[in-house]
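Read through the structure below, which is laid out as structure tokens, and then see the notes.
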Amino acid sequence: MNVDKGYVDAPIDPKLDLRSEILRLKQERNAVIMAHYYQRPEIQELADHIGDSLALAQLAAKTDADVIVLCGVHFMGETAKILCPDKTVIVPDLSAGCSLADSCPADEFEAYVKAHPGHTVVSYVNTSAAVKAVTDVVVTSSNAKQIVESLPEDEPIIFGPDRNLGNYINSITGRKMLLWDGACHVHEQFSVQKLMDLRKQHPEAKVLVHPECPKPIRLVADKVGSTQALLNFAVADVAHEFIVCTESGILFQMQRQCPDKTFIPAPPEDGTCACNECNYMKLITLEKLYNSLLYMQPTIEVDKDIAERAVRPIERMLDISRQLGIIK
Ligand code: 13P
Ligand code: SF4
């Protein structure tokens, strides 16, 4: 089967009920469907598990399914494959990349690490397997603060690749980590001016901000946190209105869990769109998911040597997160 475009481009009978066919194939293959919070609503509705990057890694490590279909971006599929080398891991469109991971080419990062001997290397999960292979401990936005704080106070640290998350962690921990100069095009795009205007229109609304956003946006926040932390905050908080500065896919879950509250996506700097979408996340469609289960392609493969080195910092992250009670 040809997957030159990154996905199985085979014709689908328009009379098929895609949802029930996907569920049937899932049973037949003993597959589990995992979806990140930024996925399209129809994908989140079909998934067995929906979560942030940390939850998806943890779920992949624990599943007893034979096949993991990861509806997310490439590095998430890689993480699952590294943790479960004997399972088939499918990402329905392999061209679902990540601008943040792309902002950190492995050869350049390795050279940077070599140029700073004696540093512990902390990498955000939004990186390629090759970057993880030269990393001491992986973090996600759900555990970065606690994992950095678990390292000795005087330990020199390199943090990559997100400069905004790195800056944020430096500011709340008092550490002086060296930062790789990378960023996510979605979280960098929010407009401070448009956010201020929205606040004037909705003075009661609380502002929820992902730490991949730059400092001027974070300064306006009532809550800075990972996708899961922002969702938890929205569920627990007394406010009825929230302005959300992260990828707009999370609004589907927020609205689902808080049907009586109002969620307003913060707008980007450019364009006419009223929300901020990750074009990579939205590449996963029901059609691609169906074909991927039917043809069992495209699969994620990771070079054995790289996988053997990359698994250590990922498992270290999961171990520390368990010890600190962040995950079970
Ligand atoms: P979390 O899922 O860890 O909040 O990260 C956000 C993100 O950008 C994932 O690509
Ligand atoms: Fe990568 Fe940003 Fe898209 Fe997340 S939202 S997958 S960090 S490009």
Side-chain angles (χ1 to χ4, degrees), residues 36-41 44 50-54 98-100 103 124 126 140-145 162-174 179 181-282:
H36 190 269
Y37 284 128
Y38 299 168
Q39 288 291 295
R40 295 169 183 272
Q44 294 192 40
I50 311 160
D52 67 354
S53 310
L54 178 62
C98 168
S99 57
L100 177 53
S103 70
Y124 196 29
N126 298 41
T140 77
S141 46
S142 277
N143 57 23
K145 174 179 179 280
D162 191 84
R163 59 172 174 257
N164 296 315
L165 178 64
N167 260 312
Y168 174 65
I169 300 298
N170 273 344
S171 72
I172 57 173
T173 61
L179 306 182
D181 193 18
C184 153
H185 72 300
V186 177
H187 290 91
E188 283 245 303
Q189 262 305 303
F190 292 107
S191 154
V192 179
Q193 190 50 55
K194 289 183 183 173
L195 179 57
M196 296 308 231
D197 293 346
L198 256 186
R199 270 193 104 180
K200 273 191 205 135
Q201 292 163 31
H202 303 273
E204 303 294 321
K206 290 209 174 148
V207 179
L208 309 180
V209 174
H210 196 281
E212 285 175 31
C213 294
K215 189 174 178 185
I217 298 286
R218 291 199 310 268
L219 287 176
V220 187
D222 293 291
K223 169 75 184 171
V224 178
S226 65
T227 314
Q228 184 65 54
L230 298 183
L231 177 60
N232 295 348
F233 184 89
V235 170
D237 197 71
V238 291
H240 285 284
E241 252 188 336
F242 299 88
I243 297 171
V244 185
C245 297
T246 187
E247 209 275 352
S248 57
I250 188 64
L251 271 79
F252 173 68
Q253 259 333 297
M254 288 176 166
Q255 204 64 75
R256 203 184 199 187
Q257 296 192 25
C258 314
D260 300 329
K261 296 184 179 179
T262 304
F263 297 97
I264 306 154
E269 191 76 63
D270 304 318
T272 49
C273 179
C275 66
N276 218 353
E277 286 195 341
C278 175
N279 49 318
Y280 298 116
M281 286 280 183
K282 301 310 191 239

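Computed from a predicted structure; not experimentally measured. Start at 1 with the first residue, then count along the sequence.
For the atom pair CG (Asn232) and CG (Leu208), the distance works out to 11.0 Å, reported to the nearest 0.5 Å. Here the CG atom belonging to Leu231 is positioned 5.0 Å from the CD1 atom belonging to Ile250, to the nearest 0.5 angstrom. Separating the OG atom in Ser99 from the CG atom in Asn126 is a distance of 9.0 Å, to the nearest 0.5 Å. Interatomic distance, SG of Cys245 versus CD1 of Ile217, reported as 5.5 Å (0.5 Å rounding). The line from CG of Asn276 to OG of Ser191 is 10.5 Å long, rounded to the nearest 0.5 Å.
Contact detail for Pro265 and Leu251: the closest heavy-atom pair is CD-CD2, 3.7 Å. Here the closest heavy-atom approach between residue Ser226 and residue Ser141 is recorded as CB-OG, 3.3 Å. A pairwise comparison of heavy atoms in Glu277 and Ser248 identifies CG-OG, 3.4 Å as the closest pair. Across all their heavy atoms, Asp162 and Leu100 have their closest contact at OD1-CD1, 3.4 Å. When every heavy atom of Ala144 is checked against every heavy atom of Ile169, the shortest pair comes out as CB-CD1, 3.8 Å.
For Gln255, there are no side-chain hydrogen bond (donor to acceptor under 3.5 Å, both in side chains) partners two or more places apart in sequence or in a different chain. A search for ring-ring contact (aromatic ring centres under 6.0 Å, His included) contacts involving His185 returns Tyr280, not counting sequence neighbours. In this structure, Tyr37 has no ring-ring contact (aromatic ring centres under 6.0 Å, His included) partners at least two apart in sequence or on a different chain. When the side-chain hydrogen bond (donor to acceptor under 3.5 Å, both in side chains) test is applied to Glu204, no partner is found at least two apart in sequence or on another chain. By the side-chain hydrogen bond (donor to acceptor under 3.5 Å, both in side chains) test, Asp237 is found to be paired with Lys206, residues two or more places apart in sequence or in another chain being considered. Applying the salt bridge (charged side-chain N to carboxylate O under 4.0 Å, His left out) rule to Asp181 yields the partners Arg163; only residues at least two apart in sequence or on another chain are considered. In this view, Ser171 and Tyr168 satisfy the side-chain contact (heavy atoms from CB on, under 4.5 Å) rule, not counting sequence neighbours. Residues satisfying the salt bridge (charged side-chain N to carboxylate O under 4.0 Å, His left out) criterion with Glu247, sequence neighbours excluded, are Lys282. Applying the side-chain hydrogen bond (donor to acceptor under 3.5 Å, both in side chains) test to Arg40 and every residue at least two apart in sequence or in another chain returns nothing. With sequence neighbours excluded, the residues satisfying side-chain contact (heavy atoms from CB on, under 4.5 Å) with Pro216 are Val192, Pro214.
Of the N and O atoms on the side chains of Asp197 and Gln193, at least one donor lies less than 3.5 Å from an acceptor on the other residue.
Residues Tyr38 and Thr227 form a side-chain contact, since some pair of their non-hydrogen atoms from C-beta on lies under 4.5 Å apart. When side chains are defined from C-beta on, Glu241 does not count as touching Lys261, because their heavy atoms never get closer than 4.5 Å. Here the side chains of Phe190 and Leu195 are not in contact, with every heavy-atom distance at 4.5 Å or above. The side-chain heavy atoms of Val209 and Thr246, taken from C-beta on, include no pair separated by under 4.5 Å. Looking at heavy atoms from C-beta onward, Pro267 lies in side-chain contact with Leu198 at the 4.5 angstrom threshold. The shortest distance between side-chain heavy atoms of Leu54 and Asn143 falls below 4.5 Å. In this structure the side chain of Ile243 reaches within 4.5 angstrom of the side chain of Arg199, judged on heavy atoms.
Side-chain atoms of Gln44 come within 3.5 Å of backbone atoms of Gln39 as a donor-acceptor pair (strictly under, hydrogens ignored).
Among residues at least two apart or in separate chains, there is no salt bridge (charged side-chain N to carboxylate O under 4.0 Å, His left out) pair with a member in residues 211-223. Pairs passing the ring-ring contact (aromatic ring centres under 6.0 Å, His included) check and including a residue from residues 191-250, sequence neighbours excluded, read His187-His210, Phe242-Phe263.
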